[in-house]
Colleague: 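Attaching a single structure in structure tokens format; questions to follow.
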Amino acid sequence: MEKRFALVDCNNFYVSCERVFTPGLEGKPVVVLSNNDGCIIARSNEIKQLGIKIGDPLFRWKATIKKCGGHIYSSNYTLYADMSRRVMETLASFAPDIEIYSIDEAFLPLSGLREDSCKYGRRIRHTVKKWTGIPVSIGIGPTKTLAKAAARVAKKDSACAGVFDISHHPEDILAGLDVSEIWGIGYRHARFLKRHGIRTGLDLKEIEDSWIKKHLTITGLRTAWELRGISCIPLEEVSAPKKSIMCSRSFGREVNSFDELRQAVTSYTARAAEKARRQRSAASCIHVFLIENPFVHSHFTSHAACVQLPVPSAHTPELTGYALAILERIFKPGLSFRKAGVMLTGLVPRGQVQMNLFYPGREGLRELSLMKTIDTINTRWGRDTITYAGCGIERPWGMRRARLSARFTTCWNDIPVVKAS
DNA sequence: TCTGGGGTCCTAGGACCC
DNA sequence: TCTGGGGTCCTAGGACCC
């Protein structure tokens, strides 16, 4: 059977989430900032028209945005994650086997669909908008790469009304698609391809296999085949467990005291361990790193070390013990740090942990049940309802989020009030 | 003054084995 | 003293994605 995929992509997702609860933002320039309010990571169309790029630092554009009546928000991931869940649940009502590709994108299998694909797409689009308030664009094609290309057209060309099926004349679209805009072709490869006269999707599609494989490896070859309509990248309905888990943050200000670093590392370890437990994994190895302020010193300096655990674990107190021992090793008095992070690697399923003959492990039934209880409470009542004293109370090193919107969907006190007269 | 966070996959090359 | 072919595993670095 002919394969067919739809890519559903939320338009300017973070901005759209803010607009759902602050309708006055509709039609106005809006940006959402990265952690610490440093750079711009989401833009409304009005902002894109000003030539502001993703990743641009806020200070460069702040005056311009203010001058044209724009609005600036800190990122509110709690809100975006909750809105994403709502969108995905809506999509799952159309096709149970969706692949949640990122916070704002999902692939849907369309093989065997009887009705007109665009009509079906428009129904999905209408439903998502009605149920969640989020506008989406939908691209349809015989491969995931072509569906991605179709979604670009759906988003840019207003004649499509948000839905485009590339199946009929893919060449016409690919001829107008810059090679750098193809899914899987990043900045480096695009630059390389252009040096060799390969500028569009159509050019790439027609290049000889051996040349592509030699220069772009097997992943590049897969992309070329996908452009030819041969599906090489399957739908992944069940998300595979992560092979590594990281929690790292830039500080709201420079940090040089050991005590504050200890609070940060304890917090990040707790968060990473929680993620590991959620996917039922235990970590064999824990890494801790500190990064000096790269903007102050001419070179970027990081300090890092890791330890191998005697028995893989997801027990927060045990992992914290190792993390803090590493911190003591890598900490250098007198230096200022911008960022710290904790990474768990060598993740194994918790049911298959290899025991150690000479080390009983600290994760007994009592410990397991304590972690489970803490996780349950924090899921039910919100993150950090129960936390570790070592994480600190004030957290003066925490990130800056000066323009944070309310927890509209996840906190009773913040639920919007509607007044009817 | 001010520049995010979190992942995956592939390849080349070295070490080592028979 | 020098010599062949075939294989695995690990790591670092590079590329990609959102």
Side-chain angles (χ1 to χ4, degrees), chain A residues 7-10 12-14 31-43 52-63 65 72-77 80-81 84 99-107 144-145 148 151 179-193 212-223 226 232-233 236 239-254 264 268 271-272 275-276 279 281 285 287 289 291 293-297 300 304 306 308 336 338-347 398-403:
Chain A
L7 174 74
V8 180
D9 191 347
C10 300
N12 314 331
F13 183 56
Y14 297 169
V31 295
V32 175
L33 305 175
S34 63
N35 282 348
N36 276 319
D37 297 344
C39 54
I40 293 163
I41 56 166
R43 308 158 297 159
I52 299 177
K53 300 271 172 280
I54 254 182
D56 280 354
L58 174 65
F59 71 86
R60 196 177 293 160
W61 292 105
K62 199 168 172 182
I65 296 169
I72 301 170
Y73 284 91
S74 301
S75 39
N76 186 344
Y77 281 104
Y80 311 150
S84 172
E99 174 185 339
I100 299 174
Y101 177 66
S102 73
I103 194 165
D104 67 340
E105 285 173 70
F107 286 102
K144 286 164 89 174
T145 305
K148 277 280 232 182
V179 80
S180 66
E181 295 180 343
I182 298 167
W183 186 47
I185 305 295
Y187 172 75
R188 299 260 172 180
H189 282 157
R191 203 177 54 180
F192 171 83
L193 289 168
I212 301 178
K213 172 135 194 252
K214 184 175 168 203
H215 294 104
L216 266 60
T217 79
I218 188 74
T219 41
L221 185 58
R222 244 178 242 142
T223 298
E226 286 244 321
C232 306
I233 307 173
E236 288 169 31
S239 57
K242 301 270 181 266
K243 295 173 179 173
S244 65
I245 288 173
M246 174 140 78
C247 181
S248 74
R249 300 263 185 286
S250 299
F251 302 128
R253 57 159 168 77
E254 293 212 357
Y268 303 163
R271 180 82 192 105
K275 289 191 208 172
Q279 64 162 34
S281 292
C285 190
H287 309 242
F289 62 86
I291 294 176
N293 187 352
F295 303 106
V296 169
H297 309 291
F300 171 95
C306 66
Q308 195 76 33
S336 257
R338 282 299 295 170
K339 182 174 178 175
V342 172
M343 187 159 67
L344 303 178
T345 59
L347 296 174
M399 60 181 163
R400 286 189 301 274
R401 292 203 289 180
R403 302 153 185 279

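Throughout, a chain's letter reflects where its sequence line sits, starting with A, and its residues are numbered from 1.
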Colleague: Rounded to whole angstroms, how far apart are NZ on A:Lys275 and P on B:dG5?
Modeller: 11 Å
Colleague: Out of the candidates A:Thr145, A:Leu216, A:Thr219, only one should pair with A:Ile185 under the side chain to side chain contact (heavy atoms under 4.5 Å, CB included) rule; please name it.
Modeller: A:Leu216
Colleague: Looking only at side-chain atoms of A:Lys242, point me to the closest of B:dG4, B:dG7, B:dC10.
Modeller: B:dG7
Colleague: Counting side-chain heavy atoms from CB outward, which of C:dC17, B:dG7, B:dG5 is closest to A:Lys339?
Modeller: B:dG5
Colleague: Hey, which of these two, A:Lys213 or A:Cys39, hits DNA chain B nearer its 5' end, going by closest nucleotide?
Modeller: A:Cys39
Colleague: What integer distance in Å separates A:Phe192:CZ from C:dG14:C1'?
Modeller: 14 Å
Colleague: Would you say a side-chain N or O of A:Thr219 is under 4.0 Å from OP1 or OP2 of C:dA15?
Modeller: no
Colleague: How close or far is atom P of B:dC2 from atom CZ of A:Phe251, stated in whole angstroms?
Modeller: 15 Å
Colleague: Please check the phosphate of B:dT1 (OP1 and OP2 only) for any side-chain N or O of A:Arg253 closer than 4.0 Å.
Modeller: no
Colleague: Could you please spell out the steps behind the ring-ring contact (aromatic ring centres under 6.0 Å, His included) verdict for A:Tyr73 and A:Tyr14?
Modeller: CA-CA 10 Å; A:Tyr73 284 91; A:Tyr14 297 169; over 10 Å; no
Colleague: Using atom CG of A:Asn76 as one end and atom P of B:dG5 as the other, report the distance to the nearest whole Å.
Modeller: 16 Å
Colleague: Between A:Lys148 and C:dC17, does any side-chain N or O lie under 4.0 Å from OP1 or OP2?
Modeller: no
Colleague: For the pair made of CZ in A:Arg43 and C1' in C:dC18, what is the distance, rounded to whole Å?
Modeller: 14 Å
Colleague: Categorize A:Arg249 for me: base, sugar-phosphate, or nothing, with a 4.0 angstrom heavy-atom threshold over every strand shown.
Modeller: sugar-phosphate
Colleague: Dot-bracket, DNA chain B: Watson-Crick or G-U, under 3.5 angstrom, [ ] crossing, | other strand?
Modeller: ....||||||||||||||
Colleague: Have a look at A:Ser244 and say if it touches a base, only the backbone sugar-phosphate, or nothing, with a 4.0 Å heavy-atom cut-off.
Modeller: sugar-phosphate
Colleague: Give a yes/no answer on whether the side chain of A:Ser248 brings an N or O atom under 4.0 Å of OP1 or OP2 in B:dG6.
Modeller: yes
Colleague: Just how far, in rounded Å, is P of B:dT11 from CZ of A:Arg222?
Modeller: 9 Å
